[in-house]
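Here is the structure we will look at.
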Protein chains: 2
Amino acid sequence: MTFENRELIEQIFLFINKIIFLEKRNIFQLRGAKLYPSEIHLIMFINKDRDSNATRMAEKLGLTKGAVSQTLTRLDKKGIVRKTKDPFNKNELTVSFTPFGKEVIEAYLKTLKGIHEQFDRYLSSLREEERAVIKKFIGHIEIMIDSLSP
Amino acid sequence: MTFENRELIEQIFLFINKIIFLEKRNIFQLRGAKLYPSEIHLIMFINKDRDSNATRMAEKLGLTKGAVSQTLTRLDKKGIVRKTKDPFNKNELTVSFTPFGKEVIEAYLKTLKGIHEQFDRYLSSLREEERAVIKKFIGHIEIMIDSLSP
DNA sequence: AATCAGTGTTAAGCACATAAACACTGAGGA
DNA sequence: TCCTCAGTGTTTATGTGCTTAACACTGATT
């Protein structure tokens, strides 16, 4: 490779590989319950967007309805959510959290907050221009990625 | 959330999610052959480190021997690699690429090079201090990640 | 009443990974 | 020489996570 920034580019791609590797193994446990990445992902989505039905969840998460349905079923079995149907609209599904589900969310958000605090401490230690560089950098990579996968 | 850098932190995490999402669907195709992420990953590793046996591949990739064995078997079936055993050392495995396997590597490296060129162009457009900020940023995140998952 | 678009579910199938039991090889010691 | 044993790669069962495609059901339109 003959790139001027070979070293930095390699560092970036090694970093991305590391993220991907860790994400697959990112299992959250609470009182005997094991929550896997896709489950946590869905839980967090629902927690932020209470009014989506399963189809809209699938669309917004970039998954198929089937995938969402299956994950919801598993979350139901684990006692995290309850799938309910409005008797006046038996077509769509509304998902609500059980008390345990709410505990899970709280616990997960707590650990997430810890991580965010670490990021915040680091970012706050930088100068405004430096943060701007990072912001632009991420934005630029996203544009490059989007141009690759239509 | 009450972080000073809430917006930037959210951008970072959305970016990471995007990367993870795309990686799962990153299928490389060449003349009818479909290569999946784990297969490409292994191919590229072997291409850089010809002398590893399967056990060492597993160690360096952070996988189990079983996983590597299975992926190698699939790559063999697809006509990408050949698993051979030295008659004077029937214990270990040596993996070599078929002509088609070499073609796959070449083609994949070519697309990778295109992506790297895009990165290079962008990074070259920055000032040296800006690149240093990015380098330090990634390094710092890696340290944070490592401190979380021992 | 019939149609139809939209809802969620299910079954089959594949990728990817682990754990654990396996079989085999080769080297060192009794 | 025989035995043990650490190290090799393989296989089976299991599980997550996803897609595709066929399904069944609901409710509104015609």
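In what follows, chains are A, B, ... by sequence order, proteins preceding strands, each numbered from 1. Model, not experiment: these values are computed from the prediction.
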task = Would you mind reading off the distance between A/K85 atom NZ and D/dG27 atom C1', rounded to a whole angstrom?
result = 13 Å
query = Does the pair B/K18/A/D146 count as a salt bridge with the N-to-O cut at 4.0 Å?
reply = yes
request  = Specify the angle, to 10°, made by the local axes at the two ends of the helix from C/dA1-D/dT30 to C/dA30-D/dT1 when five pairs are taken at each end.
outcome  = 20°
task = State, to 0.1 Å, how close B/R31 and B/F100 come at their nearest heavy-atom pair, and which atoms those are.
result = NH2-CD1, 4.0 Å
inquiry  = Which is more 5' along DNA chain D, the nucleotide nearest A/F88 or the one nearest B/T55? Just name the residue.
reply    = B/T55
inquiry  = Check whether A/S69 reaches the backbone of A/K65 with its side chain - one donor and one acceptor, N or O, closer than 3.5 Å.
reply    = no
message = Of all nucleotides in DNA chain C that come within under 4.0 Å of a heavy atom of chain A, which is furthest toward the 5' end and which toward the 3' end?
response = C/dG6 to C/dT18
query = Angle class for the A/F13/B/H116 ring planes (parallel below 30°, perpendicular above 60°, tilted otherwise)?
reply = tilted
ask   = So, for A/R74 and A/S38, which heavy atoms are closest and what is the spacing to 0.1 Å?
value = NH2-OG, 4.5 Å
ask   = Should A/K90 be listed as having a side-chain N or O under 4.0 Å from OP1 or OP2 of D/dG27?
value = no
message = Quick one, A/Q29 and A/L35 - any side-chain contact, counting heavy atoms below 4.5 Å?
response = no
Residues touching DNA chain C, which here means a heavy atom under 4.0 Å, drawn from residues 57-65 of chain A = A/K65
request  = Look at A/R74 and D/dG15 and indicate whether a side-chain polar atom (N or O) is within less than 4.0 Å of OP1 or OP2.
outcome  = no
message = Under 4.0 Å, heavy atom to any atom of DNA chain D: which of residues 38-46 of chain A qualify?
response = A/S38, A/E39
ask   = What is the distance from CG of A/N53 to P of D/dT26, rounded to the nearest Å?
value = 17 Å
Rounded distance (Å) that lies between atom C1' of D/dG17 and atom CD1 of A/I20 = 16 Å
request  = Working to the nearest 0.5 Å, report the span between CG of A/L75 and CZ of A/F97.
outcome  = 8.0 Å
query = Quick one: do B/R131 and B/E128 make a salt bridge, cutoff under 4.0 Å?
reply = yes
request  = Could you label the plane-to-plane angle of the B/Y108 and B/F28 rings as parallel, tilted or perpendicular, counting under 30° as parallel and over 60° as perpendicular?
outcome  = perpendicular
message = Going by the rule side-chain hydrogen bond (donor to acceptor under 3.5 Å, both in side chains), which residues pair with A/N47 if we only count those two or more places apart in sequence or in a different chain?
response = A/R50
task = Indicate the atoms forming the closest heavy-atom contact of B/K83 with B/D76, along with that distance.
result = N-OD2, 3.4 Å
inquiry  = When you group the ILVMFWY residues by side-chain heavy-atom contacts below 4.5 Å and let the links chain together, are B/Y36 and B/I19 in the same group?
reply    = no
inquiry  = On a heavy-atom basis, which atom in A/L72 and which in A/A54 lie closest, and how many Å separate them?
reply    = CD1-CB, 4.4 Å
inquiry  = Quick check on DNA chain C: between B/Y36 and A/K83, whose nearest nucleotide comes earlier from the 5' end?
reply    = A/K83
ask   = Got A/M57 and A/L42 here, is their nearest side-chain heavy-atom distance under 4.5 Å?
value = yes
note = Between A/A54 and B/P37, the residue closer to the 5' end of DNA chain C by nearest nucleotide is A/A54
request  = Would you indicate whether B/E117, at its atom CD, is surrounded by more than 12 heavy atoms from other residues, nucleotides or ligands within a distance under 6.0 Å?
outcome  = yes
message = Using whole Å, what does the distance between atom P of nucleotide D/dG27 and atom CG of A/L93 come to?
response = 14 Å
ask   = Would you call B/R6-B/E10 a salt bridge at under 4.0 Å N-O?
value = yes
query = Considering only heavy atoms, which members of residues 25-35 of chain A lie under 4.0 Å from some atom of DNA chain D?
reply = none
